[in-house]
Amino acid sequence: MSEKEWAETLKRLREEHKETVARSQALLKEQQAKRKAIRKALEEGPRTVPEVADLTGFASHDVMWYVMAMKKFGLIEELEMDGEYYRYQLTQEKAK
Amino acid sequence: MVQEKIRVDTLVVGGGIAGMQSALDLADQGYQVALVERDPSIGGKMIQLSKVFPTLDCCSCITTPKMSAVAHHENIQLFTYCEIQAIEENDQGFVSNALQKPRYVDVDTCTGCRQCEYACPIDVPHPFDRYLGAHRAAYVPFSTAVPQKALIDMENCILCGKCQRGCPANSIDFTQKEQPFEIESRAIILATGFEITPPDAKKEYGAGQFHNVVDALVMERLLAPTGPYGHVLRPSDGKEPDSIAYVQCAGSRDKTLGVEYCSRVCCMYAIKQAMLISGALPLADITIYYMDIRTFGKGYDQFYQTAQAMGIEFVKGKVARINEDENQNPVVRVEMIDEGSKVVERMHDMVVLSVGMLPCYDPQPIFGVRSAEDGFVLTPSINMAPCVTEHPGIFVSGTAAGPMDIVDSIVLAGAASAEAAAYLEANDGNRRSVKSTTNAARVTAHA
Ligand SMILES: Cc1cc2nc3c(=O)[nH]c(=O)nc-3n(C[C@H](O)[C@H](O)[C@H](O)COP(=O)(O)OP(=O)(O)OC[C@H]3O[C@@H](n4cnc5c(N)ncnc54)[C@H](O)[C@@H]3O)c2cc1C
Ligand code: SF4
Ligand code: SF4
């Protein structure tokens with residue numbers, strides 16, 4: 001399929017799946033906002049999940065889910081423990 | 001491209017350990033088998049577990065070779081993400097209408113590299129990790145999935161096309177449609193497995209609303225090296241727990257839930273998990289609240305004794321209620337039977353519910369096979385032919401027949417294959433009417 005045909009197929013399918021696409025787009029918006037806030041909380045240095053929850057105002061179980069998802073996809077890395085909690089930081093850009 | 005019609009000796013429905021074992025046992029004897037699994041990967045619950053009692057073998061290490069043996073066996077045709085929608089019977093056997101659901105990925109070219117997953121912007125709670133971890137809308141089911149192929153979760157997809165641009169093999173295909181096809185077989189083995197007590201079943205235990213009251217399958221994932229956190233941590237805030245309690249029979253032997261039977265595995269998996277936690281968190285206190293401990297299998301009682309010797313606290317007590325304090329710590333209200341039935345409240349960091357095994361599939365509408373009173377597939381001659389259903393030519397394997405552990409699932413899987421093979425031989429050459437040793441006749445012969 002050419003690039004153009006692909007774009008057209010996607011456009012047609014977006015029309016066909018209007019409702020789920022609208023719902024998923026709203027979800028994406030929320031996820032992007034939360035990831036941005038979490039990233040901001042981590043910009044100044046490593047933090048635990050309750051600390052990120054305090055800084056962002058999000059429920060701590062919610063932060064836990066986002067941090068674990070971001071860790072899985074390489075956006076966040078885990079550091080040593082601070083008392084009973086692990087600390088997390090933004091993945092450092094590694095020189096290639 | 002799926003063929004429109006295939007012909008095999010036996011159709012196996014369900015690709016957990018029981019279905020895989022039944023398929024392999026028949027295929028090794030030279031019978032042609034079609035294995036149909038509704039999920040995108042085979043493996044069932046077993047591939048989700050951390051380690052298995054009583055040997056503490058790594059579950060992934062013993063399940064993965066079985067999964068790939070199924071995928072590579074020359075006598076097995078494997079259909080994942082596929083369901084049986086209807087069957088008809090004729091004098092040749094069964095004709096099953098199967099439906100291949102679209103993965104929106106070309107499985108012939110996909111290499112399982114997960115580039116699409118990294119490119120996709122949407123995170124989705126992952127059922128494999130009991131929703132504590134995430135996959136993307138484009139994803140490979142899990143690291144040891146068979147087949148190791150991606151699929152797209154259309155329910156959460158925005159059709160942005162990033163996965164397609166990220167795929168080096170050009171495998172994303174949004175034009176895929178459902179594909180109906182037919183499977184002709186002379187026998188069928190049902191291996192549809194079980195499900196666990198739903199989280200909201202017990203209102204007294206928080207009805208699934210407390211983040212630190214989890215089911216035992218969650219704990220399996222937390223203990224697995226590939227789990228959602230990589231450690232045992234509390235879902236509410238990531239704290240490493242100091243004190244973990246198990247509540248036994250949380251969903252079994254419970255008239256209020258209509259589940260009067262014992263699920264047979266919960267005592268053993270709780271003891272197993274307690275041992276694994278004390279290995280992972282040597283300083284943690286672990287308590288098991290139980291009514292009675294049932295460790296009936298080979299080597300199982302020694303396992304229990306080892307756990308006691310390791311310092312795991314076994315408390316004979318009835319847990320009436322679980323509440324939560326202001327720090328999301330579960331508070332267990334328990335009647336201490338060995339202390340004159342005194343009622344006490346004890347706080348823990350986490351509580352694990354030893355949930356029961358429930359039937360997950362009613363084969364009556366499609367396969368014409370009735371379930372027993374407990375909801376599991378009815379086997380009229382339970383003592384003599386535990387895998388023979390009422391319906392000639394249809395057999396049952398593993399936990400579809402009732403609660404049991406992996407050892408027993410494998411034993412029953414072998415028995416179901418032997419019954420199916422005997423049935424195929426007795427009805428050889430498609431002339432079912434000539435030698436009519438039906439299931440009913442076999443049941444009477446055994447009895
Ligand atoms: C928390 C926990 C811990 C456990 N730990 C242990 C342990 O340490 N040792 C041990 O021996 N046992 C353990 N068990 C028990 C063990 O999980 C089961 O004995 C075993 O997994 C049963 O396998 P199965 O194939 O019968 O069922 P399942 O694993 O449930 O497999 C059934 C398969 O059929 C598929 N399916 C269902 N319906 C359909 C359909 N209509 N069409 C197509 N496919 C379908 C499902 O998707 C699934 O893949 C544990 C159980 C739990 C809950
Ligand atoms: S679809 Fe493409 S990117 Fe995704 S796993 Fe398959 S080959 Fe890799
Ligand atoms: S098209 Fe769907 S699956 Fe692909 S990247 Fe976009 S949201 Fe993810």
Side-chain angles (χ1 to χ4, degrees), chain A residues 1-3 5-32 34-35 47-54 58-78 81-88, chain B residues 104 114 117-126 129 131-137 139 143 152-165 170 172-176 209-212 222 226-231 233-243 281 283-284 327-328 349:
Chain A
M1 232 184 249
S2 73
E3 189 69 21
E5 281 170 321
W6 254 114
E8 272 161 20
T9 310
L10 280 177
K11 200 170 154 198
R12 178 172 52 77
L13 286 166
R14 274 196 290 269
E15 196 55 35
E16 259 172 47
H17 294 261
K18 227 188 212 152
E19 267 168 45
T20 49
V21 169
R23 192 167 22 79
S24 305
Q25 259 161 350
L27 177 71
L28 175 62
K29 225 170 168 184
E30 185 193 329
Q31 292 190 346
Q32 280 171 333
K34 286 200 167 154
R35 284 195 287 246
R47 307 236 184 258
T48 64
V49 166
E51 285 166 357
V52 175
D54 274 348
F58 303 145
S60 61
H61 70 267
D62 209 17
V63 172
M64 183 71 181
W65 188 78
Y66 276 96
V67 167
M68 290 306 138
M70 291 166 83
K71 181 177 146 217
K72 174 171 176 180
F73 294 109
L75 305 169
I76 280 182
E77 43 191 30
E78 180 186 280
M81 284 192 106
D82 177 7
E84 294 164 308
Y85 295 89
Y86 283 95
R87 292 190 308 152
Y88 302 92
Chain B
Y104 302 103
R114 295 183 63 213
E117 187 162 8
Y118 278 87
C120 174
I122 304 224
D123 286 339
V124 182
H126 201 333
D129 280 331
Y131 309 101
L132 296 185
H135 65 67
R136 296 268 166 83
Y139 69 112
S143 61
I152 284 163
D153 170 2
M154 264 304 175
E155 282 300 298
N156 290 294
C157 170
I158 54 168
L159 288 156
C160 64
K162 285 190 176 155
C163 50
Q164 181 240 337
R165 265 170 263 138
N170 206 6
I172 308 286
D173 177 5
F174 284 112
T175 65
Q176 271 184 10
Q209 295 304 303
F210 302 152
H211 293 289
N212 296 325
L222 296 183
T226 56
Y229 306 156
H231 311 278
L233 302 174
R234 307 208 304 184
S236 74
D237 60 0
K239 181 184 174 196
E240 189 178 79
D242 278 334
S243 158
L281 307 171
L283 299 179
N327 297 318
Q328 303 193 64
D349 288 328

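So that the names make sense, note that chain A is the first sequence line, chain B the second, and so on, each numbered from 1. Here the structure is a predicted model, which means the values were calculated and not measured.
Per-residue counts of heavy-atom pairs under 4.5 Å with chain A were compared for B/G230, B/G161, B/C157; the largest is that of B/C157. Between chain B and the options A/Q31, A/E3, A/Q25, A/H17, heavy-atom pairs under 4.5 Å are most frequent for A/Q31. Interface summary for chain B: among A/L10, A/V67, A/V49, the most heavy-atom pairs under 4.5 angstrom belong to A/L10. Of the listed residues (B/M154, B/E155, B/R114, B/R136), the greatest number of heavy-atom pairs within a distance under 4.5 Å of chain A belongs to B/R136.
A/S60 places a side-chain N or O within donor-acceptor distance of the main-chain N or O of B/S236, the cut-off being under 3.5 Å.
Tested against B/D123 for a side chain to side chain donor-acceptor pair (under 3.5 Å), the candidates A/K72, A/R35, A/K34 yield a single pass: A/R35.
B/F174 has its side chain within reach of A/W6: a pair of non-hydrogen atoms, C-beta onward, lies under 4.5 Å apart.
Looking at every heavy atom in both residues, A/W65 comes nearest to B/A134 through CZ2-CB, 3.7 Å. A/Y88 and B/L233 make their closest contact through OH-CD1, 4.0 Å (heavy atoms, listed as atom of the first residue, atom of the second, distance).
The line from CG of A/L28 to CD1 of B/I158 is 5.0 Å long, rounded to the nearest 0.5 Å. Separating the CG atom in B/L159 from the CZ atom in A/R12 is a distance of 10.5 Å, to the nearest 0.5 Å. The line from NE2 of A/H61 to CG of B/L132 is 11.0 Å long, rounded to the nearest 0.5 Å.
For A/M81, the part lying near chain B is the side chain, with the backbone staying farther off; criterion is any non-hydrogen pair under 4.5 Å. Contact of A/R14 with chain B is made through backbone and side chain together, with heavy-atom distances under 4.5 Å. Of the two parts of B/P241, neither the backbone nor the side chain holds a non-hydrogen atom closer than 4.5 Å to a non-hydrogen atom of chain A. In this structure, chain B has no heavy atom under 4.5 Å from any part of A/Q32. Heavy atoms closer than 4.5 Å to chain A are found in the backbone of B/D173, but not in its side chain. Of the two parts of B/P228, only the backbone, made up of N, CA, C and O, holds a non-hydrogen atom closer than 4.5 Å to a non-hydrogen atom of chain A. With a 4.5 angstrom heavy-atom cutoff, A/L27 touches chain B only via side-chain atoms.
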Derivation and outcome, side chain to side chain contact (heavy atoms under 4.5 Å, CB included), residues A/E84 and B/R234: CA-CA 11 Å; A/E84 294 164 308; B/R234 307 208 304 184; over 6 Å; no
Derivation of the side chain to side chain contact (heavy atoms under 4.5 Å, CB included) call for B/D129 and A/M68: CA-CA 12 Å; B/D129 280 331; A/M68 290 306 138; over 6 Å; no
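With sequence neighbours left out, the ring pair (Phe, Tyr, Trp, His ring centres under 6.0 Å) criterion links A/Y86 to B/H231.
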